[in-house]
Each structure stands twice: as C-alpha cells, then as structure tokens.
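One structure below.
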Amino acid sequence: MLKKTYDFRKSENKWQKFWERERIFRFDPKSKKPVFSIDVPPPYASAGHLHIGHALHYTQFEIIARFRRMSGFNVYFAPCFDNNGLPTEKYVEEKFGIDKTTTTKHEFRKLCLKESKRVEKVYSDNVFKGLGHSYDWSLLYTTIDPESQKVSQMSFLDLWKKGFVYRSEEPTLWCTKHQTALAQAEIEDLKRTTVLDHIIFDLEGKKRIEIATTRPELLPACVAIFVHPEDERYRNLVGKKAKVPIFGHEVEIMEDKKVDPDFGTGIVMVCTFGDTADIEWWKTHKLPLKICVTKDGKLNELAGKYAGKDLTEARKEIINDLEKEGRVTRKENLEQTVGACWRCQTPIEFLPTKQWFIKTLDFKKELIKQGRKIRWFPKFYQKRYEDWTRNLAWDWCISRQRFYGVPIPVWYCKKCGKPKLAEEKDIPVDPEVDRPKGKCECGFSEFIPEEDVFDTWMTSSMSPEIAMRWLEKPRDFENRFPMSMRPQSHDIIRTWAFYTILKAYLHFRKIPWKDIAIGTYVLDSKGRGMHKSKGNIVWTEDLLEKYSVDVVRYWVGTATFGEDLPYQEKDLVTGQRFLTKLWNASRFTLSNLKGYRPKKPRKLTEIDKWILSKLNDLVKKTTKDFEEYMTGSAKTKVEQFFWHTFCDHYLEIVKDRLYNQSSYEKWEADSAKFTLYRVLLSILKLLAPVTPHVTEEIYQLYFRKNERSKSIHVSDWPRFDSSLVDRNAEKVGDIAVDVIASIRKFKSENSISLAEPLRYVTIDSNRVKPVLKDIQKTMRIENIRIGRAKGKVSEIFKIELEIRK
RNA sequence: GGGCCUGUGGUCUAGUUGGUUAGGACGUCGCCCUCACACGGCGAAGAUCCCCGGUUCAAAUCCGGGCGGGCCCACCA
C-alpha cells in the first residue's frame, strides 16, 4: 500500500534504474506496431550544465515519445550529441587556451573529441537520464562519429553526382575573426551606431563632389562611383572620372537606379566589397576587382602606408588624414544594422574566395511545396519557412576554413587543378591523411588535399538519415523514412529545418518528416530571454535539487509547442502540491480497493455513470491534444478533472458508499469500486507521459498485479469507450454537484462546519431523484425530500434548509 | 521597411468555428482540522476582456484602423 508521504527522490531513482534494467524504452525492430520516430536535436554537450530552457525543450518532446509509446507505437527515439563544428572548437580553444595557429590539426581534433566524450557522459547521466528521458540508448549517435561523417560525405558525393554541388570563387560571407566563410544563415544582425563621413573627391578640372560613406577604410578598394540617373544635381557628372582621395586612383562616375538620391549626398562609392549592393553593382556593371581587406581583417598592400593595420584602426587614421587635407565636411551618427558572425559578433566582410556550394536558389519553389506537405505545429511557422526560402539570395556555402569538422572528401590535381572526389566505398576519408585512388583525368597522379571542412549543418541536415541508419540499414531506412516528427526551436527554422528539407528533397525527393513541432522558448518571470549577461538564468540542476524530476516535468507539461513560457517559480510549487494531492488521493482510493479484482459490475449508479462518462470525454480530448502537440492543454484538462471532478466531488460523494457498505446493495458498492479503479488508473495513465515517476510508483504498488504491462509506460493508453457515454447521467451528476455546492456555500456563509448535520433539506426539482441519496449522505442530511421549497440557497434550484440546533 | 505572433482581475494564463453567470492557478480576505490530503476543503472580493470604429438580434471571439509587447527577415552606401 501507499505510504503516508511520497519520497520523490528515492522513487525517481528507483524507477529510472528499473526502466534501464528492463529496457522498457527499447525500440523493437521486429515489432508489427507502427513506428513513431523522432528526429531529436543533437545537443552541444559543451555546457557543463544546462539551463531550464534546454531541459524544457528536450523534455517537451520526450513527453510526446511517452504518449506515442503508450498509444501503441513502436517508438524510435535515438539520443544524440552534436560534437561537430564551431561550438566544440571554441569551447576547447577557450578551455585549453590554444588556437589553431599553435596546434596541429590532428592534435586539435583529438582534443576536441576527447573533450566531447567526457562532457557527453556527464550530460547524458545528469541531464537526460536525470530528467527521466525515455531514449533507447542503443541507438545513440554523435555528429562526429565515423558513420555520421560517412553520411555527410555521402551526401556530398551524391549531390555532386546529381549536379547540385559546385565550387567557385565568388564574394563570400567571411568572418575575419574565425577566418572562415559563413552561410547566410550564420549571419546575425548587429545594431550599432556608426559615423557617416562626408568626404570630398576631386574631379577633372576644379570640380569636387561629396560622398557619404561609413567605410572610409575601403577607399583603396573603390572601383566606381554611382548616382541615380534621374538625379538632376549630378546628371552632368556621369561619365566623368573622380580621383580617390589619398590613394589617388581614378574611378568612373556611373548611373544606377538602385542609388537612393535621398541618402547621404546621393552619390555612392562602390568598393569591392563593402556590402551586398557593391557585389551587385560589381557584377552588373562588370567593374574591376580591388580587394584591400585580408582574411584576418587587415588592410593589404593596396592600402599603401595603411597596410597591415586592422580595419578599425586604419579607418581612424584614414579619417584623420582626410581631415588634415580638409576633405571631411560632415560627420553624422548613423544607426545601422550590419551582418555579423553569429558566434563572435564580428561584422562580416565580403571576400572572394574559392568555396563549395550546394544549389538552393534553383529549388525555391519545390522547397516551398515540400514545406506544405509537412504538418507544422503551430501552423504559422510554416510561413516563416516560406518567407525565408522565398527570400534566399545565396546558394548554400558548405565549406569552412576550420580545423574541426567533417573533412570535404576531395583532392585537387597538382597539374590541372581538377577536383577528384573520394569514392563511395572509401568514405569516410580525411584527404589530408588518405590518398585518392587512381589518377586525375589529365593523367597526372599527384594531388593536393582539400583542407576545408564542411559547414556543421552539412551533417546536421542529415540527422534523419543518420538517426535512421541510411547507409547502415538501407532497407529499414527505406521503410521508415520519412520520420514521424522533428522537434526544434524556431530560431533555426532557416537553418536546421530548411537544410534538412533541402537535403531530403535533393537526395530522395521526399519530405524528411511528417510533422515539425516548434518547441517552447523559456523566458524569465518578466518575459525576457534568459542570458548569461543578464544574470537571469535558472539552472535545471538547482530545480531538480530543490524540487524533483516530476515537479520540473510537471512544469514542462504546462508549455504548449510553439508558445513562449515565462518561468515562474510558483508553477513548480503548484506542481509539488499537485503531485502530493495525487499521491494522497491515490492512497485514499486504493486503501478502499484492498483485495479488489477489477470486474464490470451488474449495474452502475448514476453518479458513477456521471464520472465515467466525463472521464471518457476527457480521454478523447486529451488524446487529441497530445496528437496535436498541445501538451499544455492536455495537462490542464487532466489536472482539472482530477482535482475537481474526481477529488473535490466524486471522492466526497463516494465516501459514504465506501464507509457504510452495509447500508447499500452489493452492486452499488461494486459499482463504486469499479469506478474508482478505472478512473484512477486512467488518470495515472493520462499523466504518465508528464510525470512518469510518481505514476509508475502508484502503478507498481497497486495496479501492476492486475494489469498485464510491467510498466505503466508500456501499458495501453486509455481508450474512448462509447458504451460509457451517458449524457443524461452527466447532466444529473452536474446537478448533484451544483446542489452540494449550494449547500456547502450555505454552511460556509453561516460559519457552520461541513461536518455539522442538517435536519431537513427540501429540493425543488425532480431531476435530483437518481442522486438524492448521494446528496443526502455527502452533506449529512438527516431528512431530505423533493418538493416545494421556500428557500433560495441555490441560484438554480430552490432549496429549503433547516439546521439542527 | 516587410512578415508573423501577441495584448483577458495584482501576477501567469484558459477561452478566439460569435450566444459561458468570462474558467483556472498564484496572491489577498473570511470560514471550516469533514475518518486521503491544512502542501487540504468551502466561500468572498477583484476584469472598461489594450483603444476606436464596423458587421450582427448577439463580439473577448469576426472585419478595419490605432497603440503597446515579442520574434523572424531585409536594409541604406
């Protein structure tokens, strides 16, 4: 039987071990059940401990996994880690105080790998297992695994074969700090105030013009000057030459409709490259190329005496020198937003470099169509995906000039420079270690290895293929692809979701998953994001320490996919109370069901029909909620039903039948026991995905001996049972509850104890007849009758009362 | 500048296929230790449902406009 108090910690520990030992959450490859597969977001394990937002994010869809498992699915739930790419690299750099200029690539990678393994162990034990997550650990993968590298490289080879991969030298988004190319998706906005300088350029003769620029340091790269074709002020300038101050070279003045005559002076200088507009003008007007910025963010020899200085420094000096020449006429502050590296906030530069690309612009329409085949939860995020796709301006640059990551499986012929790709049977390869097979098409057999690695999304975008063992188990993969769902956060729709949809389309012409559910974003109690810099982070381990796993999960259960949730500690207190209540109500219920064997009784009393019918309704609605990722809504419904319908009303009404069984017929007592058993077990099951430990504890302590399943988490989800629907009983029961509430109110207003018996009660309604005895016993009424009543205790019914003195 | 989401008692929110006495939780106040639970029960106070207009017999809910908050994207040389 259930003890007086529930020991959260002991219980949680015990059942986590039990689940692991019994392999309760194993995916069964031989099962005939339909598969429900989840494309889990591989977390970076680099953070030693995680904040409550991560815990919520991962637990939120874990609840779905448990729901589906109970609903008869063979759940494919593979844990994973992302130990690939910049975050790991950055972490190791910081932790060991090294950088790629002083360490060899090989050593550095080894260090990264070792560090990842260590942190992952801590992470999986403390976080995933600690939160009671139901992964099948035998399906674990990490993004740097040979198998993941293989999938990543295979993707590259396959797309090359299909003609979707190309290499070219083009202006690329470049981070001067990390010294690598970046994808459009890796660029973030950086709002800042900058200075707009008005600088005088000399023309032929004695004329001068004034140009406004925020980037005077790019003067050495100035290749042209533009004015708007309809700008009366400057029409006569077109075709003339201007002399670039300090650097002295001459550039032509041209016209283009894209110039905004109202900005600055209405004259713009084009430098290769200050921004995307420069690139466009450079392309359309076939301007010369002058690069003055180096890959590490300094000026090069083109800048003459400023060469070697970094951009901000050079800018100051150049402006200084211009001022000395009297060429700066105005300086004004300008609010601007520039693209910056998402990791280090360094404003990006546009540098022409040789990079590998995957074609995306050609498939915009198809990708939008693919997006429409997927069910988005909530729906409106589909729009965000479509907007992003529609507005894409660059093909996907997949090469990165980094140390750590999946190598690009390519060598270049020393003689003709042609790329030679690895063969499918040989991957994964590391071109710097492995040698290519055979000769180049040109007959030469010496090669230079590719040193770049893939963008981390190259691998992440293959997470469904990796998780489902595309290359290892092609037949299973074929049968099980697309996956059932992808949970993820909204900020990476343009990256993870987009690239994954792209890849599934380019490789298989399929969608990667049927559903995509956008997770909840946790805010602090004031509705602001949690950031280290703001000092408002709430750590998961602190909450687990202070409360318990189920309490934290209960809080997670209040969230609904796609909706933000402000963190309020009181919600955890509420959870704690709820679980205590659940324990106590179960203890009471089960202490009255000692030795009971579930058996459908001959007849059910009206009030039992009432709650069973309502339960049935609850099951139906809750199931639908879970199916549509509305966990918050499901949990609220169950909670309301449990606390109010079951505890406050039903249990109070049923007490007399349990305490004084001799004053009832046998079937009436049987009916009560049957109802209690069924309702409580159903409630536990409906709550099991959210609070798995306490429900398991109660299940094991009592129900296990009568039920087939060895864990509540693999038991059958409650089913809608049409034979229990009884609208009339629902109505009559509601009336009984109303009447009882009215009498309670009367007692409360008159400061009478609820235990105080009432001598006479007359109720002015025939409808209460089937529940008259329930009302009488619940309210301790000595004489109750239906008839004309003078009182007005209830708003709905007239009730006359006489208190015993 | 474009797109999307959002605005309900002190706080967090449910309800938005139009019709409810606008529901709940936390907080406040009063009463009640009724043999599961005082980490409980019962009850009370507290809401111009952001504002203005429109559609309608009827709007928190639909439409238009405005204001506020949030997110995503684009951007100014």
Side-chain angles (χ1 to χ4, degrees), chain A residues 2 4-6 184-185 187-189 194 196-197 211-215 218 225-226 258-260 262-271 274-278 281 334-339 378-388 390-393 490-491 493-494 521 523 525-529 558 560 562-571 573-592 632-633 636-637 639-640 643-644 647-648 651-652 655 658-659 740-741 743-757 778-780 795-796:
Chain A
L2 278 65
K4 184 135 170 84
T5 53
Y6 172 63
Q184 186 179 347
I187 308 304
E188 270 181 7
D189 286 356
T194 188
L196 184 65
D197 295 297
I211 292 179
T213 180
T214 56
R215 303 210 54 187
L218 293 183
I225 287 169
F226 280 90
K258 288 220 159 181
V259 177
D260 177 1
D262 296 327
F263 187 89
T265 61
I267 309 177
V268 53
M269 68 170 186
V270 174
C271 306
D275 61 23
T276 48
D278 287 346
W281 282 319
L334 181 74
E335 290 296 321
Q336 87 176 158
T337 311
V338 293
K379 184 96 175 89
F380 62 78
Y381 277 113
Q382 185 187 335
K383 181 106 171 88
R384 189 175 285 188
Y385 164 81
E386 289 191 8
D387 288 348
W388 170 260
R390 201 171 290 119
N391 294 325
L392 266 179
H490 65 75
D491 54 333
I493 288 175
R494 65 197 171 120
Y521 198 75
L523 307 168
S525 58
K526 288 170 192 142
R528 304 168 310 177
T558 61
T560 287
E563 283 175 24
D564 295 350
L565 181 73
Y567 168 80
Q568 315 264 45
E569 181 148 8
K570 71 179 176 66
D571 292 338
V573 176
T574 305
Q576 178 104 46
R577 286 196 191 136
F578 177 79
L579 296 178
T580 305
K581 183 88 178 171
L582 180 68
W583 181 259
N584 282 317
S586 301
R587 188 159 64 90
F588 167 74
T589 303
L590 299 177
S591 69
N592 285 291
S633 171
T636 305
K637 288 186 180 102
E639 180 187 71
Q640 292 296 317
W643 204 301
H644 298 111
C647 294
D648 292 348
L651 286 185
E652 290 307 320
K655 271 177 181 170
L658 297 170
Y659 294 151
I740 289 168
I743 299 173
R744 276 177 183 158
K745 185 174 170 182
F746 174 83
K747 283 186 172 176
S748 174
E749 281 169 354
N750 292 285
S751 303
I752 303 163
S753 160
L754 285 172
E756 186 76 20
T778 307
M779 296 287 35
R780 305 180 182 210
E795 317 241 323
I796 307 164

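Scope of the values below: all heavy atoms of this structure, side chains included, with no hydrogens, waters or symmetry mates. Letters A, B, ... mirror the listed sequences (proteins, then strands); counts begin at 1.
- The side chain of A:Arg577 contributes an N or O atom lying less than 4.0 Å from OP1 or OP2 of B:C26.
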Are any protein N/O atoms closer than 3.5 Å to N/O atoms in nucleotides 74-77 of chain B? If there are, list each pair with its distance.
| from | atom 1 | to | atom 2 | distance (Å) |
| --- | --- | --- | --- | --- |
| B:A74 | OP1 | A:Gln184 | NE2 | 3.4 |
| B:C75 | N4 | A:Thr337 | OG1 | 2.9 |
| B:C76 | OP1 | A:Asp275 | OD2 | 3.0 |
| B:A77 | OP1 | A:Gln336 | NE2 | 2.2 |
| B:A77 | O5' | A:Thr214 | OG1 | 2.8 |
| B:A77 | N6 | A:Asp260 | O | 2.6 |
| B:A77 | N6 | A:Phe263 | O | 3.1 |
| B:A77 | N1 | A:Asp260 | N | 3.2 |

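- A donor N or O paired with an acceptor N or O is found under 3.5 Å between the base of B:C37 and the side-chain atoms of A:Lys581.
- Summarising the base pairing, B:A25 is matched to B:U11 through a Watson-Crick or G-U wobble pair whose two defining distances lie under 3.5 Å.
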Please walk me through it: do A:Arg384 and A:Asp387 pass salt bridge (Lys or Arg N to Asp or Glu O under 4.0 Å)? CA-CA 5 Å; A:Arg384 189 175 285 188; A:Asp387 288 348; over 6 Å; no
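- With both pairing distances under 3.5 Å, B:C71 is matched to B:G3 as a Watson-Crick or G-U wobble pair.
- In this entry B:C62 has B:G54 as its Watson-Crick or G-U wobble partner, both defining distances falling under 3.5 Å.
- Within the 4.0 angstrom heavy-atom criterion, only backbone atoms of the sugar-phosphate kind lie near A:Ser753; the bases stay farther away.
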I'd like a list of close polar pairs between nucleotides 11-15 of chain B and the protein, N/O only, cut-off under 3.5 Å.
| from | atom 1 | to | atom 2 | distance (Å) |
| --- | --- | --- | --- | --- |
| B:C12 | O4' | A:Gln568 | NE2 | 3.0 |

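- Between A:His490 and B:C73 there is no side-chain N or O to OP1 or OP2 distance below 4.0 Å.
- Spacing between B:A47 and B:G10 at atom P, rounded to whole Å, works out to 7 Å.
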Every protein N/O lying under 3.5 Å from an N/O of nucleotides 29-31 of chain B:
| from | atom 1 | to | atom 2 | distance (Å) |
| --- | --- | --- | --- | --- |
| B:G30 | N2 | A:Ser748 | OG | 3.3 |

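- Using atom P as the reference point in both B:G46 and B:G7, the two lie 25 Å apart (nearest Å).
- Residue A:Cys647 is classed as a base contact, given a heavy-atom separation below 4.0 Å to a base.
- Summary of the strand contacts: A:Glu652 and A:Thr574 both lie near RNA chain B, and taking for each the nucleotide with the nearest heavy atom, the more 5' one is attributed to A:Thr574.
- In this structure, of B:C37, B:G3, B:C5, it is B:G3 that holds the atom nearest to the side chain of A:Asp387.
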